[in-house]
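Heads up: the structure comes next, in structure tokens.
What you see below is based on every heavy atom in this structure, not just the backbone, and it leaves out hydrogens, waters and symmetry mates. Ligands are counted one by one from 1 in listed order, and the atoms in each one are counted from 1 as well. Residue numbers count from 1 along this sequence.
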Amino acid sequence: MLELGDSQKIQSDARKARDLALDAGVPSVPYVDGCLEGDGILVDAMLGTGLGGDVRPVYASAFEAVNAAGLPVLAVDVPSGLCADTGRILGSAVTADITVTFIALKRGLFTLDGPDCVGELEFADLAVPDTAHDCVAPDVWRLDLDTLLAELPPRPATAHKGHCGSVLVIGGDEGMGGASLMAAEAALRCGAGLVRLATREQHVAAAIARIPEIMAHGVAGATDVRKLIDASDVLVVGPGLGQSEWSKACLQVALQAQKPCVLDADALNVLASGDVQSADLSDSVLTPHPGEAARLLGCAVGEIQTDRFAAATALTSKLGATVVLKGNGTLVASQKGIGLCDYGNPGMASGGMGDVLSGVLGALIAQGLAADDAAPLGVCLHSAAADIAALDGERGLLATDLIPVMRELLD
Ligand SMILES: NC(=O)C1=CN([C@@H]2O[C@H](COP(=O)(O)OP(=O)(O)OC[C@H]3O[C@@H](n4cnc5c(N)ncnc54)[C@H](OP(=O)(O)O)[C@@H]3O)[C@@H](O)[C@H]2O)[C@@H](O)CC1
Ligand SMILES: Nc1ncnc2c1ncn2[C@@H]1O[C@H](COP(=O)(O)OP(=O)(O)O)[C@@H](O)[C@H]1O
């Protein structure tokens with residue numbers, strides 16, 4: 001046992017554990033620089049859930065030594081330096097190969113920096129009886145794809161396209177026609193009965209050439225879009241929408257329609273700018289990445305990432321919508337609480353991934369799911385598909401690679 005810091009200051013359970021180790025004959029020596037040379041495994045039991053504020057330099061240098069030792073590292077409960085509540089590294093943290101967490105899963109293990117520090121996660125209940133959990137309600141739910149998929153009703157044999165809902169994707173300003181097309185393709189492949197696309201005229205021919213099942217319309221402004229909105233059940237607004245006068249006119253008419261919306265990308269940026277009048281969004285899903293979330297809350301990206309759970313809650317309260325705060329450990333916040341998706345991988349860090357997600361969500365709402373049910377299912381479906389598609393490699397994963405996998409998972 002290598003002791004770091006002042007052993008006289010160790011209290012409560014940590015003191016008991018130390019005393020047990022000493023009573024069992026475990027030799028104890030002070031931690032000094034260079035003492036980690038040798039074989040074996042390192043067990044990181046330095047700091048835990050009580051950590052508040054950035055770690056002190058003496059700890060930070062020990063963490064760096066642990067990470068540089070080239071030995072397998074097992075962290076107990078939480079890797080030292082990781083905030084168990086937010087998933088943020090508090091200045092410096094241990095990068096474990098395995099983390100054994102005790103009694104309950106901590107939400108910070110699953111989002112932001114958490115997965116990089118945790119390595120393989122094991123759970124040990126320490127034989128705490130279930131009744132002990134009855135008086136502590138979880139504040140975040142870990143989302144499970146199979147459970148969520150079971151909530152999607154099977155199609156009756158008599159189904160026709162009118163039963164499966166119609167989606168209108170609005171987006172694709174100059175230079176970004178691909179974004180709206182990917183959203184439309186994902187909506188169709190995830191089961192929407194009909195998909196229309198309202199985009200710039202110059203993208204129409206390419207859209208029809210790629211997917212003739214999509215009804216692609218070139219729209220000059222609000223009047224053209226309104227006709228398409230009237231014929232649709234769900235609106236997906238934002239992929240490649242841009243922030244031009246055309247973009248603002250399209251978004252404004254969509255918001256006025258009071259239909260369930262999925263608002264993504266530039267729809268969120270325009271909404272944040274205050275250049276359009278907002279509407280009742282209680283049946284809608286907003287899908288900001290941290291940059292868009294920062295614009296919506298009028299703060300810096302760093303503030304969003306400092307506490308993603310608080311940011312997701314603030315967004316859903318401010319906007320009155322179901323909110324998907326994207327990124328590693330995506331959060332889904334609604335009046336039902338916060339769901340956490342721990343599927344997904346860094347291969348998803350490529351342009352178009354969010355555009356595809358918006359189409360998936362549109363399709364699920366079109367098929368009858370409420371916004372706050374569609375969002376957790378859509379997020380898990382999208383990220384689980386990315387994990388399967390990444391079995392061929394994370395680098396070079398394309399957003400459209402997810403589409404056939406999602407179709408298989410849905411059926
Ligand atoms: N084929 C096409 O047509 C495509 C078209 N597309 C369309 O392009 C339009 C612009 O959308 P966009 O998301 O690229 O720009 P934007 O909102 O300025 O975001 C960047 C800012 O956000 C931040 N940030 C982002 N992610 C973060 C994270 N995980 N974690 C933390 N921060 C994160 C990032 O911060 P940074 O880290 O760089 O400081 C930066 O500030 C949009 O309409 C979209 O549909 C694209 O979809 C691509 C394919
Ligand atoms: N490192 C990562 N781990 C897990 N999911 C990720 C990671 N990077 C990106 N994603 C996911 O990929 C998608 C990216 O969306 P977004 O940033 O809006 O992309 P785009 O604007 O290019 O369509 C989101 O669903 C996000 O959660």
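Nearest residue to atom 7 (C) of ligand 2 from N345, L402, V324, D266 is N345 (criterion: closest heavy atom). Atom 8 (N) of ligand 2 has its nearest heavy-atom neighbour, among A399, A349, A183, G378, in A349.
Under the 4.0 angstrom criterion, atom 21 (O) of ligand 2 counts as lacking any protein heavy-atom contact.
Near G351, the atoms of ligand 2 lying under 4.0 angstrom from a non-hydrogen atom of the residue are 22 (O). Which parts of ligand 2 touch D355 is read off a 4.0 Å heavy-atom cut-off, strictly below it: atoms 23 (O). The ligand atoms of ligand 2 that sit less than 4.0 angstrom from a heavy atom of G327 are 26 (C), 27 (O). Heavy-atom proximity to H382, at under 4.0 Å, picks out these atoms of ligand 2: 25 (O). Atoms of ligand 2 found under 4.0 Å from any heavy atom of G354, numbered from 1 in the order shown, are 13 (C), 14 (C), 15 (O), 16 (P), 18 (O), 19 (O), 20 (P), 23 (O). Atom numbering of ligand 2 starts at 1 in the shown order; those under 4.0 Å from a heavy atom of H289 are 17 (O), 18 (O). Each of the atoms 20 (P), 22 (O), 23 (O) of ligand 2 lies under 4.0 Å from some heavy atom of G352. For ligand 2, the atoms closer than 4.0 angstrom to any heavy atom of T330 are 27 (O).
Under 3.5 Å, the side chains of T101 and K106 contain a donor-acceptor pair of N or O atoms. Side chain to side chain, D307 and T86 fail the donor-acceptor criterion of an N or O pair below 3.5 Å. Looking only at atom types and distance, the side chain of S80 has a donor-acceptor partner in the side chain of D44 under 3.5 Å away.
Other residues, nucleotides and ligands place no more than 12 heavy atoms under 6.0 Å from the CG atom of D130. By the 6.0 Å contact criterion, CZ on R107 is enclosed, its count of non-hydrogen atoms from other residues, nucleotides or ligands being greater than 12. Environment of CZ in R18: crowded, with over 12 heavy atoms of neighbouring residues, nucleotides or ligands closer than 6.0 Å. For R56, the CZ atom counts as loosely surrounded, since its 6.0 Å shell holds 12 or fewer non-hydrogen atoms of other residues, nucleotides or ligands.
Among all heavy-atom pairs drawn from G327 and R308, the shortest one is O-NH2, 3.8 Å. In plain terms, the two heavy atoms of A179 and D355 that are nearest each other are CB-OD2, 3.4 Å.
At least one donor-acceptor pair under 3.5 Å links the side chain of E292 to the backbone N or O of H289. Here the side chain of D373 pairs no donor or acceptor atom with the backbone of L369 at under 3.5 angstrom.
At a 4.0 Å cut-off, not a single heavy atom of A265 sits close enough to ligand 2 to count as contact. Ligand 2 does not have M182 within reach: every non-hydrogen atom of the residue lies 4.0 Å or more from it.
Residue, atom and distance of the protein heavy atom nearest to atom 1 (N) of ligand 2 are P346 CA, 3.4 Å. Ranking the protein heavy atoms by distance from atom 18 (O) of ligand 2 puts K326 NZ, 2.7 Å first. The closest protein non-hydrogen atom to atom 6 (C) of ligand 2 is M348 CB, 3.7 Å.
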(request) Walk me through it: do S232 and V167 pass the test side chain to side chain contact (heavy atoms under 4.5 Å, CB included)? (result) CA-CA 6 Å; S232 306; V167 174; over 6 Å; no
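The pair K248-D275 meets the salt-bridge criterion, since a charged nitrogen lies less than 4.0 angstrom from a carboxylate oxygen. Using a 4.0 Å cut-off between charged side-chain N and carboxylate O, K227 and D230 make no salt bridge.
Within 4.0 Å of ligand 1, the residues that place a heavy atom are M176, G178, A179, M182, G238, P239, G240, L241, A265, D266, N269, H289, P290, G291, E292, R295, V301, Q305, G351, G352, D355, listed by chain and number.
Using a 4.5 Å cut-off on side-chain heavy atoms (C-beta onward), D233 and K259 make no contact.
In terms of polar-atom proximity, G329 is not counted as a contact of ligand 2, lacking any N or O under 3.5 Å from an N or O of the ligand.
Residue contacts with ligand 2 for M353 involve both N, CA, C or O and side-chain atoms from C-beta outward (heavy atoms, distance under 4.0 Å).
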